[in-house]
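The structure presented is a predicted model; accordingly, all values stated were derived computationally and were not measured. For this chain, numbers begin at 1 and follow the sequence in order.
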Amino acid sequence: MPNAILSPPVPVNEPVRDYAPGTPERKSLKKRLDTMLAETVEVPLVIGGEEVRTGDTVEMVCPHDHGHVLGVFHQAGEAEVARAVEAAADAWHEWSEMGWEARAAVLLKAADLLAGPWRDTVNAATMLNQSKTAYQAEIDSAAELIDFWRFNPHYMRQLYAEQPLSVPGVWNRVEYRALEGFVFAVTPFNFTSIGGNLPTAPALMGNTVLWKPASSAVLSAYYILRLLEEAGLPPGVINFVPGRGRHVGDPVLARPELAGIHFTGSTAVFQGMWKTIGENIASYRSYPRIVGETGGKDFVFAHPSADPDALVTALVRGAFEYQGQKCSAASRGYIPRSLWDGGLRDRLVADVESLKMGSPLDFRNFLAAVIDRGAFDSITGFIETARNAAEAEILVGGGSDDSTGYFIEPTVVVTTDPRFELMREEIFGPVLTLYVYDDADLDETVRLCDETSPYALTGAVFARDRAAIERIGAALRHTAGNFYINDKPTGAVVGQQPFGGSRASGTNDKAGSLANLMRWISTRAIKETFVPPKSHVYPHMGEK
């Protein structure tokens with residue numbers, strides 16, 4: 001074995017490509033999109049490195065053109081889950097004992113593959129199957145995932161270097177073991193980078209994984225798995241088991257080998273999983289680690305001293321990028337009447353009306369379609385609630401069309417009731433609800449912002465008055481795990497803003513940080529005494 005004390009390359013954030021007209025990256029991406037549009041892909045399960053086809057298939061379509069079928073994916077059931085658990089157990093023995101440098105090398109190579117030859121493929125899959133614009137795909141499925149794969153090995157090295165104090169005659173040390181059993185990674189449709197990070201962060205720490213991607217984002221997840229295989233990930237370390245939630249989740253949660261859950265998705269699903277784990281707790285070999293990032297009802301709070309132009313830009317980008325389908329999206333706002341009546345209302349309406357919506361294949365569009373029929377029906381239901389409520393007004397937008405794709409206009413609702421349903425409930429779509437408060441009621445409105453929603457994921461304050469920033473920030477300390485000053489509440493960058501929230505928004509274990517990796521290890525403290533005592537007699541026993 002080599003005896004060098006190695007350090008992975010110092011990570012730097014991947015530069016984000018802008019795909020401006022005339023650039024080579026724009027030409028290359030468009031070419032890959034054309035090729036993938038002409039393909040029909042069959043996605044199997046991958047268990048222990050082997051492709052498994054169950055015959056229980058689901059079509060993968062473009063949300064912006066739901067008549068266009070990109071391919072099909074096979075769904076796992078109880079038998080495939082059992083097989084995946086066995087494959088994970090078989091792989092665990094060698095993988096968990098493998099040197100950390102070797103595990104790091106897999107992710108570092110994967111990062112370089114994604115930065116280079118795989119970039120167009122993963123971005124194009126995200127655009128086609130998840131209806132992201134080129135820029136939204138780039139910052140997600142390329143830049144952020146590359147960052148996860150470069151920063152996490154760096155954090156792992158820092159964690160392993162954390163060692164206890166030793167006194168003369170004793171050498172104390174700590175080793176960081178993989179969890180016994182497997183980790184169940186459940187990933188969402190809205191971020192390909194999360195799809196790549198949730199299974200690989202535990203795997204980096206020596207764990208083996210069952211990965212269930214969202215059924216509406218299987219295509220990009222499958223390409224990530226193939227990329228990891230090219231990077232040298234051994235068979236069985238990550239087992240790919242897409243399928244219906246209950247058909248995969250129920251048998252997984254019943255397995256005594258379950259060692260952890262790495263989850264991003266809805267609050268209700270996460271709470272249901274936690275409840276099931278609690279009911280089964282006596283049957284597990286060890287207490288499962290439960291890590292989850294769930295919902296959000298993210299806010300923008302404007303002080304009367306806020307810069308109106310910066311505020312409008314943050315509201316528009318924060319609420320409507322990727323159709324508002326971000327856990328961190330701006331969904332509610334508190335605007336002082338002095339700004340609202342002083343021209344901000346008209347600026348906001350003009351900006352929203354200027355947004356172009358359509359297929360992500362047309363690079364001029366700012367936003368595209370919501371993910372599927374269920375999302376379309378849910379979001380339009382909230383809009384209808386606002387349309388029919390006496391205490392609400394649809395200021396701009398409100399239209400929808402599902403004839404070709406699941407398109408919903410960017411919509412701004414203004415309410416006179418700060419506790420209106422659209423100020424409380426997560427919508428996960430292009431709907432921003434605003435409450436206009438009297439300037440004299442600032443402190444009361446800050447309190448309402450804290451108390452109205454059960455979530456605490458992201459939030460922002462806009463002000464030029466520094467004392468106001470400090471006062472409002474302190475009052476809203478527990479309302480957001482990621483808090484922004486004079487910026488939109490979205491766009492956390494790995495290595496710069498570790499991401500996660502509390503309350504109903506999750507366990508706040510901060511993806512893309514050392515704190516998250518700590519959840520996937522079990523420490524063993526070792527004390528070695530060089531010259532041990534050879535008598536049981538203590539000095540105080542010398543006389544009565």
Side-chain angles (χ1 to χ4, degrees), residues 28-46 51-77 80 118-134 136-137 140-141 187-192 194-196 211-227 240-248 265 322-323 325 357-363 365 367-380 400-408 428-429:
S28 177
L29 178 58
K30 279 185 169 284
K31 180 179 179 180
R32 189 68 180 116
L33 285 164
D34 289 342
T35 300
M36 291 174 67
L37 275 170
E39 297 173 341
T40 302
V41 180
E42 181 185 8
V43 175
L45 283 62
V46 180
E51 296 184 354
V52 177
R53 290 170 173 81
T54 63
D56 181 10
T57 60
V58 174
E59 290 184 340
M60 301 178 293
V61 303
C62 300
H64 48 275
D65 183 7
H66 47 59
H68 186 103
V69 178
L70 298 165
V72 299
F73 69 90
H74 291 260
Q75 297 190 106
E80 291 73 36
W118 281 83
R119 194 181 202 118
D120 285 345
T121 296
V122 178
N123 276 348
T126 301
M127 293 173 69
L128 294 174
N129 195 206
Q130 292 147 264
S131 207
K132 286 203 170 189
T133 62
Q136 290 297 308
D140 163 28
S141 48
T187 61
F189 77 84
N190 60 330
F191 277 96
T192 301
I194 297 175
W211 177 15
K212 188 197 121 32
S215 294
S216 47
V218 171
L219 188 62
S220 60
Y222 177 65
Y223 283 123
I224 288 171
L225 182 73
R226 290 309 190 199
L227 186 163
F240 188 70
V241 285
R244 299 177 185 88
R246 294 191 62 183
H247 291 184
V248 177
Y322 191 42
Q323 300 77 263
Q325 296 176 126
M357 179 175 66
S359 169
L361 300 177
D362 183 344
F363 282 29
N365 289 323
L367 70 167
V370 299
I371 192 66
D372 56 21
R373 165 64 59 189
F376 181 88
D377 290 345
S378 174
I379 298 163
T380 54
S400 60
D401 183 356
D402 62 352
S403 58
T404 300
Y406 302 113
F407 291 102
I408 299 174
F428 222 71

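Here the shortest heavy-atom pairing between Arg32 and Thr121 reads NE-OG1, 2.9 Å. Among all heavy-atom pairs drawn from Ala76 and Val241, the shortest one is CB-CB, 4.0 Å. Of all heavy-atom pairs between Gly71 and Thr40, the closest is CA-CG2, 3.9 Å. Shown here for Ile408 and Ser400, the closest heavy-atom pair between the two residues is CG1-CB, 4.1 Å. Nearest heavy atoms, Thr187 versus Pro213: OG1-CA, 3.2 Å. Counting all heavy atoms, side chain and backbone alike, Leu128 lies closest to Pro63 at O-CD, 3.4 Å.
The main-chain N or O of Asn190 is found under 3.5 Å from a side-chain atom of Lys132 such that the two form a donor-acceptor pair. Ser378 contributes no side-chain N or O that, together with a main-chain N or O of Gly374, makes up a donor-acceptor pair within less than 3.5 Å. Between the side chain of His74 and the backbone N or O of Glu51 there is no donor-acceptor pair closer than 3.5 Å. Without hydrogens or angle criteria, Gln130 side chain to Phe191 main chain gives no donor-acceptor distance under 3.5 Å.
Using a cut-off of 4.0 Å between Lys/Arg side-chain N and Asp/Glu carboxylate O, Glu80 and Arg244 are scored as not salt-bridged. Salt bridge Lys30/Asp34: absent, no basic N to carboxylate O contact under 4.0 Å.
Residues Glu42 and Arg53 have side chains in contact (heavy-atom distance under 4.5 Å, counting atoms from C-beta outward). Inter-residue side-chain proximity for Tyr222 and Asn129 is flagged as unmet; no heavy-atom pair is nearer than 4.5 Å. Between Tyr322 and Asp140, every side-chain heavy-atom pair lies at or beyond the 4.5 Å cut-off. Side-chain contact between Val52 and Pro44 is absent, with no heavy-atom pair separated by less than 4.5 Å. The closest side-chain heavy-atom distance from Ile194 to Pro188 is below 4.5 Å. Between Phe240 and Val43, some side-chain heavy-atom pair lies under the 4.5 Å cut-off. In this structure, the side chains of Met36 and Leu70 stay at 4.5 Å or more apart for every pair of heavy atoms. The shortest distance between side-chain heavy atoms of Gln323 and Ile379 does not fall below 4.5 Å.
Defined by atom type and a distance below 3.5 Å, a donor-acceptor pair is present between the side-chain atoms of Asp56 and Gln75.
Between atom CZ of residue Phe407 and atom CG of residue Asp401 there is a gap of 8.0 Å, rounded to the nearest 0.5 Å. Atom CG in Leu361 sits 6.0 Å away from atom CG in Leu33 (nearest 0.5 Å). The line from CZ of Phe73 to CD of Glu59 is 10.5 Å long, rounded to the nearest 0.5 Å. One finds the OG1 atom of Thr404 at 6.5 Å from the NE2 atom of His66 (value rounded to the nearest 0.5 Å). Taken to the nearest 0.5 Å, the OG atom of Ser131 stands 9.0 Å off from the CG atom of Leu367. In this structure, CD in Gln136 is found 11.5 Å from OG1 in Thr126, a value given to the nearest 0.5 Å.
In this structure, Tyr406 and Phe376 have tilted ring planes: the angle between them lies in the 30° to 60° band.
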